[in-house]
Amino acid sequence: MRFGLIIPHRHSYLLPSTFTPSSCFCVNFFPQNHNNNLNLPFPVGKGKISCCSKSEVLKSDLMEPEAEDLVVNKSRTLYSPIEPYSTRYLKVSDVHTLYFEQSGKPDGHPVVFLHGGPGGGTSPNNRRFFDPEFYRIILFDQRGAGKSTPHACLEENTTWDLVNDIEKLREHLKIPEWQVFGGSWGSTLALAYSQSHPDKVTGLVLRGIFLLRKKEIDWFYEGGAAAIYPDAWEEFRDLIPENERGSLVDAYHKRLDSDDMETQYAAARAWTKWEMTTAYLLPNNDNIQKAEDDKFSLAFARIENHYFVNKGFFPSDSYLLDNVDKIRHIKTTIVQGRYDVCCPMMSAWDLHKTWPEADLKIVDDAGHSANEPGIAAELVAANEKMKALMG
């Protein structure tokens with residue numbers, strides 16, 4: 001890993017607007033063979049809000065006023081693929097048993113990955129946001145998702161059940177405190193968990209902010225996003241008869257909870273395809289094809305819809321914003337794609353305005369997915385920054 005201090009002209013600590021390599025000189029912080037697993041150096045700099053694209057030199061924040069800017073090569077993003085050193089199951093209730101795995105450094109700094117959906121489950125690629133030579137990486141499938149059992153089950157499946165599950169997993173692993181990483185629904189759950197257990201969280205990395213407010217659900221499921229994806233929207237909408245379109249979320253709930261499995265599968269495929277189609281700035285066919293996997297789409301659609309019909313099981317629409325004071329002290333980075341259709345930037349902006357202490361990274365050439373190059377780069381960078389803060 002190669003780092004270089006930028007020593008700008010005129011003693012400025014900000015990158016010049018017309019930055020070129022000749023305007024600075026670099027100092028290596030580490031030998032060339034240091035941490036060969038790492039594919040991306042991380043950017044650190046000034047300012048709490050950064051707008052960037054994957055091809056730019058970025059300014060981000062080490063959260064220390066004396067921190068210098070670094071030269072950044074953002075051409076590569078993720079760590080190399082790794083396998084878990086431990087895979088287990090944890091029974092968390094009379095109904096539910098969770099799959100969890102550990103990878104990376106067994107005695108490293110623990111980080112828990114909270115997947116999206118709800119109902120999306122984890123994947124091997126999720127391990128690659130973290131330095132395996134530093135982090136003890138913990139992934140788990142939330143109730144009803146992925147390898148957890150029973151599959152697609154809605155019984156005893158609420159936000160607060162999941163918050164309790166995270167604590168049960170932490171206690172089971174005998175971890176005093178850990179970093180929390182979550183995107184999309186994972187950001188919702190990360191906020192709910194950290195607000196419930198702020199003393200257990202060493203830092204937060206959040207992506208594609210979703211606060212589960214009515215205006216966010218209405219935007220994506222009741223016609224707002226149709227202005228951008230009218231073709232995909234009509235396919236999603238047309239599964240529902242015209243006389244039931246007053247609330248598509250409710251109409252889909254009726255079908256996803258049907259006694260007829262073929263009705264459930266048809267609704268699940270349509271629901272999942274709508275989200276998979278809109279998740280990237282540029283359509284990703286591999287992502288869209290996930291909707292054809294009936295096992296995946298059934299859990300994804302049933303559990304998502306269950307949470308949305310129940311307003312996330314929050315006592316008020318602005319619950320997560322109203323409780324920011326509980327976590328204001330926690331070092332946090334928020335990564336948001338400017339053209340995120342699934343979780344539009346208004347939510348990240350509302351969270352930023354409520355929580356200006358958190359570091360907001362706006363990726364100008366990205367949509368929603370964590371796997372888009374600019375977003376992936378910023379997530380890796382955020383974890384590198386957390387490493388520096390923890391020493």
Side-chain angles (χ1 to χ4, degrees), residues 84 86-102 110-123 126 137-178 180-182 184-201 212 249 252-261 263-265 267-268 271-272 293-315 319-320:
S86 171
T87 59
R88 296 285 188 274
Y89 287 86
L90 177 65
K91 189 170 181 62
V92 292
S93 78
D94 291 340
V95 175
H96 290 275
T97 300
L98 306 186
Y99 166 83
F100 72 94
E101 63 173 58
Q102 300 183 79
V111 58
V112 61
F113 179 97
L114 305 182
H115 67 68
T122 58
S123 71
N126 301 150
I137 306 160
I138 298 133
L139 274 58
F140 77 98
D141 290 332
Q142 296 159 28
R143 295 189 180 203
K147 298 176 184 177
S148 293
T149 59
H151 185 71
C153 177
L154 306 183
E155 183 182 354
E156 295 181 12
N157 197 338
T158 74
T159 301
W160 306 113
D161 289 319
L162 301 188
V163 166
N164 290 337
D165 290 348
I166 298 169
E167 268 298 274
K168 289 175 183 177
L169 180 59
R170 184 189 63 78
E171 291 170 354
H172 175 75
L173 295 173
K174 297 179 171 58
I175 293 172
E177 56 184 8
W178 51 9
V180 179
F181 181 109
S184 192
W185 158 257
S187 76
T188 320
L189 184 57
L191 289 168
Y193 171 75
S194 60
Q195 289 174 4
S196 299
H197 303 280
D199 57 323
K200 307 304 181 187
V201 180
L212 224 158
V249 172
Y252 266 91
H253 181 72
K254 176 182 175 182
R255 287 154 179 81
L256 290 167
D257 204 34
S258 169
D259 292 333
D260 179 60
M261 285 306 301
T263 299
Q264 285 194 34
Y265 282 130
W271 179 282
T272 304
D293 180 341
D294 282 342
K295 182 178 181 181
F296 171 81
S297 63
L298 188 67
F300 186 78
R302 272 175 56 83
I303 298 172
E304 269 201 347
N305 178 273
H306 167 68
Y307 274 68
F308 300 164
V309 163
N310 287 286
K311 302 177 182 178
F313 303 94
F314 293 120
Y319 180 83
L320 294 174

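Hydrogens, waters and symmetry mates play no part in the numbers below; they use all other heavy atoms, side chains included.
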#### Entry: His306 vs Phe313, ring-ring contact (aromatic ring centres under 6.0 Å, His included): CA-CA, chis, key distance, verdict
CA-CA 10 Å; His306 167 68; Phe313 303 94; 5.3 Å; yes
#### Entry: Side-chain donor-acceptor pair present, Tyr193, Glu167, cut-off under 3.5 Å
yes
### Message
Are the side chains of Tyr319 and Leu191 in contact, using a 4.5 Å heavy-atom criterion?
### Response
no
### Task
Assess whether side-chain contact (heavy atoms from CB on, under 4.5 Å) is satisfied between Leu169 and Leu98, documenting all intermediate values.
CA-CA 9 Å; Leu169 180 59; Leu98 306 186; over 6 Å; no
### Message
Would Asn157 and Tyr307 count as a side-chain contact (heavy atoms from CB on, under 4.5 Å) here? Give the steps.
### Response
CA-CA 9 Å; Asn157 197 338; Tyr307 274 68; 2.6 Å; yes
### Message
Is there a side-chain contact between Ile137 and Phe113 in this structure, where contact means two heavy atoms from C-beta onward sitting under 4.5 Å apart?
### Response
no
### Query
Hey, is the main chain of Ser93 close enough, under 3.5 Å, to the side chain of Glu156 for a donor-acceptor pair?
no
### Task
List the steps and the verdict of side-chain contact (heavy atoms from CB on, under 4.5 Å) for Gln102 and Leu173.
CA-CA 10 Å; Gln102 300 183 79; Leu173 295 173; 3.6 Å; yes
### Query
Any side-chain heavy atom of Arg143 within less than 4.5 Å of one from Thr158?
no
### Query
Pairs in or reaching into residues 298-310: which pass salt bridge (Lys or Arg N to Asp or Glu O under 4.0 Å), with residues at least two apart or in two chains?
Asp257-Arg302
### Message
Are the side chains of Pro198 and Lys200 in contact, using a 4.5 Å heavy-atom criterion?
### Response
no
### Query
What are the two closest heavy atoms between Val249 and Asn305, and how far apart are they?
O-ND2, 3.0 Å
### Message
Under the criterion ring-ring contact (aromatic ring centres under 6.0 Å, His included), I'd like the reasoning laid out for Phe308 against Trp185: C-alpha separation, chi angles, the key distance, then a yes or no.
### Response
CA-CA 11 Å; Phe308 300 164; Trp185 158 257; 7.9 Å; no
### Query
What heavy-atom pair brings Pro176 and Arg170 nearest, and what distance separates the two atoms?
O-NH1, 3.3 Å
### Query
Looking just at side-chain N and O atoms, do Gln264 and Ser258 make a donor-acceptor pair shorter than 3.5 Å?
no
### Query
Hey, is NZ on Lys311 packed in by over 12 heavy atoms from elsewhere, all under 6.0 Å?
no
### Sub-6.0 Å ring centroid separation between Phe300 and Trp271
no
### Message
Counting only heavy atoms from other residues, nucleotides and ligands, does the tally under 6.0 Å from CG of Asp94 exceed 12?
### Response
no
### Message
Between Met261 and Leu298, is there a side-chain heavy-atom distance shorter than 4.5 Å?
### Response
yes
### Side-chain touch Ile138/Glu101, heavy atoms, less than 4.5 angstrom
no
### Query
Given the rule in the side-chain contact (heavy atoms from CB on, under 4.5 Å) test, do Thr122 and Phe140 qualify, once you have shown the distances and angles that lead to the verdict?
CA-CA 7 Å; Thr122 58; Phe140 77 98; 6.0 Å; no
Which pairs of donor and acceptor atoms, one on a side chain in residues 144-153, lie under 3.5 Å apart (sequence neighbours left out)?
| residue | atom | partner | partner atom | Å |
| --- | --- | --- | --- | --- |
| Ser148 | OG | Tyr99 | N | 3.0 |
| Ser148 | OG | Asp141 | O | 2.6 |
| His151 | NE2 | Lys295 | O | 2.8 |

### Query
Is there a donor-acceptor contact under 3.5 Å from the side chain of Ser184 to the main chain of Gly186?
no
